[in-house]
Amino acid sequence: MDTESLKFARFDHPKHGVFDTVEAVSGDKRLGGDEKREILAEWKRRVAADSTGDPEAARLGESLDAEIARLARMGT
């Protein structure tokens, strides 16, 4: 993993803290469904804005999309 990919490996949210994985956001009991989706969507926006053809960033983007969709289907 190069340094470009490393900057996407975690997400620092000013209000809710640091998340190392997509699953960490989804499993955080302090967050409601809307907050989880908001955090995941913002993480995806940052990845998309800061990556240029990075395969690791693309995989992370796909994981974020899948989890946002899963949470929406669950109604959480």
Side-chain angles (χ1 to χ4, degrees):
M1 184 183 292
D2 62 22
T3 56
E4 181 73 12
S5 296
L6 287 175
K7 73 180 181 178
F8 303 118
R10 59 186 259 165
F11 180 76
D12 296 319
H13 190 278
K15 181 178 175 185
H16 300 294
V18 177
F19 298 96
D20 292 327
T21 64
V22 172
E23 294 78 18
V25 176
S26 297
D28 192 320
K29 302 284 188 217
R30 302 170 299 156
L31 302 173
D34 289 340
E35 291 171 310
K36 290 175 183 180
R37 287 190 303 276
E38 176 186 308
I39 290 167
L40 294 170
E42 178 59 27
W43 193 350
K44 177 155 175 37
R45 280 190 292 275
R46 290 183 191 179
V47 169
D50 292 340
S51 66
T52 53
D54 182 324
E56 290 296 320
R59 280 190 282 282
L60 176 57
E62 291 170 4
S63 294
L64 290 162
D65 281 340
E67 188 59 17
I68 292 166
R70 187 186 76 78
L71 289 170
R73 283 191 309 273
M74 291 177 55
T76 61

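Residue indices begin at 1 and follow the sequence shown.
- Nearest heavy atom pair, residue L64 against residue W43, reads CD2-CE3, 3.8 Å.
- For the pair L31 and K36, the tightest heavy-atom approach, listed with the atom from each and the gap, is O-CE, 3.4 Å.
- In this structure, CG on D54 lies 6.5 Å from CD on E56, to the nearest 0.5 angstrom.
- Separation of atoms NZ (K15) and CD1 (I39) is listed at 9.0 Å; rounding is to 0.5 Å.
- Between L71 and S26, the shortest heavy-atom distance links the atoms CD1-OG, 4.3 Å.
- Here H13 contributes atom NE2 and D28 contributes atom CG; the two are 11.0 Å apart, rounded to the nearest 0.5 Å.
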Checking F11 against V25 for the side chain to side chain contact (heavy atoms under 4.5 Å, CB included) test, could you report, in this order, the C-alpha distance in whole Å, the side-chain angles of both residues, the deciding distance, and whether it holds?
CA-CA 10 Å; F11 180 76; V25 176; 5.8 Å; no
*asked:* Run R70 and E67 through salt bridge (charged side-chain N to carboxylate O under 4.0 Å, His left out) and show every step you take.
replied: CA-CA 5 Å; R70 187 186 76 78; E67 188 59 17; 2.6 Å; yes
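- A salt bridge links R45 with E42: at least one charged nitrogen is closer than 4.0 Å to a carboxylate oxygen.
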